[in-house]
Enquirer: 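My structure is below; once you've seen it, I'll send some questions.
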Protein chains: 2
Amino acid sequence: MGFSSKAAATKTPSRKARGEGHTRRDEILAAAKALFLEEGVRATTIRRIAERVGVSAPALYLYFKDKDSILIELCDRIFARLLARLEEIEREPLPAGQRLRRMGEAYIRFGLEHPDEYRITFLEATAPEPVRFTGHRTDTSDLSRPGAKGALVFSKIVQVYEAVAKEGTRLPYPPVTCAELSFLACHGLVAALIAEPDFPWSDRETLIRGMVEASVRGVVPTL
Amino acid sequence: MGFSSKAAATKTPSRKARGEGHTRRDEILAAAKALFLEEGVRATTIRRIAERVGVSAPALYLYFKDKDSILIELCDRIFARLLARLEEIEREPLPAGQRLRRMGEAYIRFGLEHPDEYRITFLEATAPEPVRFTGHRTDTSDLSRPGAKGALVFSKIVQVYEAVAKEGTRLPYPPVTCAELSFLACHGLVAALIAEPDFPWSDRETLIRGMVEASVRGVVPTL
DNA sequence: ATTCGATATGAACAGTGTTAACTTAGCAGT
DNA sequence: ACTGCTAAGTTAACACTGTTCATATCGAAT
C-alpha cells in the first residue's frame, strides 16, 4: 500500500538537496515557474525546464501529458490566489456596488502582476483551429482546459451582480450579461497593457481607477 | 554534378519593376492570406506559404526579413480597411457621441470578422521579453512594429473625444485617456470572444451593443 | 532469484524559422 | 564573343521545438 514520502532514487545524484515534501511533479512546476519570471515565456521550453530540475526532457512526460498541461497547472495555481482574493472581498460587508469596484480593481492588479500567466489563461487560443462556431452549451466545462479557473473567477462577478439585483437596483441586462460586460472591460485593460507594454499609455493608476469606474457605471449607471 | 536543370519552369519574366498587378512579393502575401483563413494561423508556416507560391522556403527571405514581417504586413493591410471605415464614420455629420458609438461598433465588428489578424496585431507580444518598463515616448513610433496601424486606429478615437470636448461636454480625463478607456473596453470584448470562442457567452449582439454603450457612458456619463 | 512496476534515459522523428553556399538566367560594357 | 555583375532561386544544413519509443536501472514483493 501507501509508500511513505517519495522514493528518492535519482540515478544521477542531484547536487541540490531534495527537500522534504517535494514531489518530482512539484519540482517541475517550480522550475517552470522560476524560468517563467526569470527569462519569460519564450524561454520556458520543455528541455530547459528539465535541465533545471536536473532530469532529461522525456522525464517530464511521466508527470504531465504535454507541455500545455504544465503551463495550465501553473496558471491555475496562480489564479487560485486571485480566486481567494475575490472571496475575501466577497466577505467584506460592503454595498454591492462597492464590492464590484473592489473586485474589479483586484482583478486588474492581479492580471498586471502576473502577465505571463494571464496571457496563457486568457489570451492564448488553445481552441482547436477549425472550430469557429460558438457552441452555446452551458455544460459542465472540462476543468482541464485553460480558462477553467478563469470561469470560476468570472462566476464570482456574476454573484455580486445578483446581489446588486437583490438590493433592488434594476439591471439593464441579466446578471450574467452585466458581469460579462464589466469583466470584459477590465479584461481589455489588462490584456492591452500586457500585450503592448511599450505603448505610451496614460498614467496606469488613472487607467485602473477609470476603468473600474467605467466598468460599473457603464453597465449600471445608477451604481 | 549534372546540371540537370529540372529547373522551375515558373521562371515567369515577371519584372518587378514592371509591377503589373502581382509581384512575387504580393504573391507571397496572397498565399499567406489564403492559408490564413483556409487553415488558420497555426498552419501558416514559412514552408507552406512557399509551397503555395510554388517556390522554395528560403526564397521568401528575399522579400521579407522574417516570418513576422510577412504577418505584420498582412495585418497592416487589413487594418487599413478598418482605418478607412473609421474615416468614413468620421465624415458623417453626427453628434460626437453618436460618432463615438458608431466607431466603437465598427471596431468591434471588424475585430470579430478578422480574428487572426486582430490577434497578431493586438494580442501577440512581439515586444522583446526582458523589456517590461513602460517607456513613455510620444515619439515617432517605428511603423514596422505590429500595432503601428493599431495606434493610428486609436488616434481616430482620440480625435472624436477632442470633438466632444469642443462641443462643450466636460470630460473627466484628458481626451487621450478617455479614448484609451473606451478603446480598451471594446478591445476587451473582441479579445475575449476571439480567444475563448467556445465559452458560453451571452448573446453576441447584446454584448456588442451593451459594450458600445458602456464604453461611452462609462467614461462620459452625460453622453 | 525472479518478476514487477515505477522512474528515468538516449536516440530519434517530424516539425519549426533561418542562414550559407551554390547555381542560374539575363543584361550591361569593353 | 567574352567577360563581369546582379537579381532570383536553389539545395543542404543548423539549431531549435514538442514528443515518442525502446531500453535500462533499481527497490520491493513474490
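Just so it is clear: chains get the letters A, B, ... in the order the sequence lines come, proteins before strands, and each one is counted from 1. The structure presented is a predicted model; accordingly, all values stated were derived computationally and were not measured.
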Enquirer: Under 4.0 angstrom, heavy atoms only, what part of the nucleic acid is A:Phe64 near: base, sugar-phosphate, or nothing?
Expert: nothing
Enquirer: Could you tell me how far apart A:Arg42 (CZ) and D:dC16 (P) are, to the nearest whole angstrom?
Expert: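 Whole-Å distance recorded here is 15 Å.
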Enquirer: Does B:Arg85 CZ have over 12 foreign heavy atoms under 6.0 Å away?
Expert: no
Enquirer: May I ask you to check whether B:Phe122 and B:Phe154 place their ring centers less than 6.0 Å from one another?
Expert: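 Centroid separation for B:Phe122 and B:Phe154: 6.0 Å or greater.
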Enquirer: For B:Arg24 and D:dG9, is the shortest distance between a side-chain N/O and OP1 or OP2 below 4.0 Å?
Expert: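 For B:Arg24, the contact criterion (side-chain N or O under 4.0 Å from OP1 or OP2 of D:dG9) is met.
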Enquirer: For A:Lys33, look at atom NZ and say whether over 12 heavy atoms of other residues, nucleotides or ligands are found less than 6.0 Å away.
Expert: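 Not buried by this count: 12 neighbours or fewer within 6.0 Å.
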Enquirer: Tell me the interatomic distance from B:Leu62, atom CG, to C:dT24, atom P, rounded to whole angstroms.
Expert: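 Roughly 17 Å, once rounded to whole Å.
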Enquirer: Choose from D:dT11, C:dA8, C:dT9 the nucleotide whose nearest atom is closest to any side-chain atom of A:Pro58.
Expert: C:dT9
Enquirer: Using atom CG of A:Leu71 as one end and atom P of D:dG18 as the other, report the distance to the nearest whole Å.
Expert: 9 Å
Enquirer: A:Ile46 CD1 to C:dT16 P: how many Å, rounded?
Expert: 18 Å
Enquirer: Mapping B:Lys65 and A:Val55 to their closest nucleotides on DNA chain C, which lands nearer the 5' end?
Expert: A:Val55
Enquirer: Side-chain N or O of B:Arg48 versus OP1/OP2 of C:dT16: is the shortest distance under 4.0 Å?
Expert: no
Enquirer: Rounded to whole Å, how long is the line connecting atom CG of B:Leu60 with atom P of C:dT19?
Expert: 13 Å
Enquirer: Nearest whole angstrom, please: distance from the C1' of C:dG15 to the CD of B:Glu51.
Expert: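 It is 14 Å, rounded to the nearest whole Å.
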Enquirer: Whole angstrom is fine here: how far is it from CD in A:Glu27 over to P in C:dT7?
Expert: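 For the pair A:Glu27 CD and C:dT7 P, the rounded distance is 13 Å.
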Enquirer: Base, sugar-phosphate alone, or nothing: which one does A:Thr45 contact when heavy atoms must sit under 4.0 Å apart?
Expert: sugar-phosphate
Enquirer: Go through C:dG17, C:dA8, D:dT20 for me and flag the one nearest to the A:Tyr61 side chain.
Expert: D:dT20
Enquirer: Would you kindly give the NZ-to-P distance between B:Lys67 and C:dT19, to the nearest whole Å?
Expert: 15 Å
Enquirer: Does B:Ser56 have a side-chain nitrogen or oxygen under 4.0 Å from the phosphate oxygens OP1 or OP2 of D:dT10?
Expert: yes
Enquirer: Could you tabulate the donor-acceptor pairs under 3.5 Å formed by side-chain atoms of residues 178-192 of chain B, not counting sequence neighbours?
Expert:
| from | atom 1 | to | atom 2 | distance (Å) |
| --- | --- | --- | --- | --- |
| B:Glu180 | OE1 | A:Ser202 | N | 2.9 |
| B:Glu180 | OE1 | A:Ser202 | OG | 3.1 |
| B:Glu180 | OE2 | A:Ser202 | N | 3.3 |
| B:Glu180 | OE2 | A:Ser202 | OG | 3.0 |
| B:Ser182 | OG | B:Tyr161 | OH | 2.6 |
| B:Ser182 | OG | B:Ser215 | O | 2.6 |
| B:His187 | ND1 | B:Tyr118 | OH | 2.7 |

Enquirer: With the side chain of A:Arg47 defined as its heavy atoms from C-beta on, choose the nearest nucleotide among D:dT20, C:dA12, C:dT9.
Expert: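 For A:Arg47, the side-chain atoms sit closest to C:dA12.
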Enquirer: What heavy-atom pair brings B:Arg119 and A:Leu123 nearest, and what distance separates the two atoms?
Expert: NH2-O, 2.6 Å
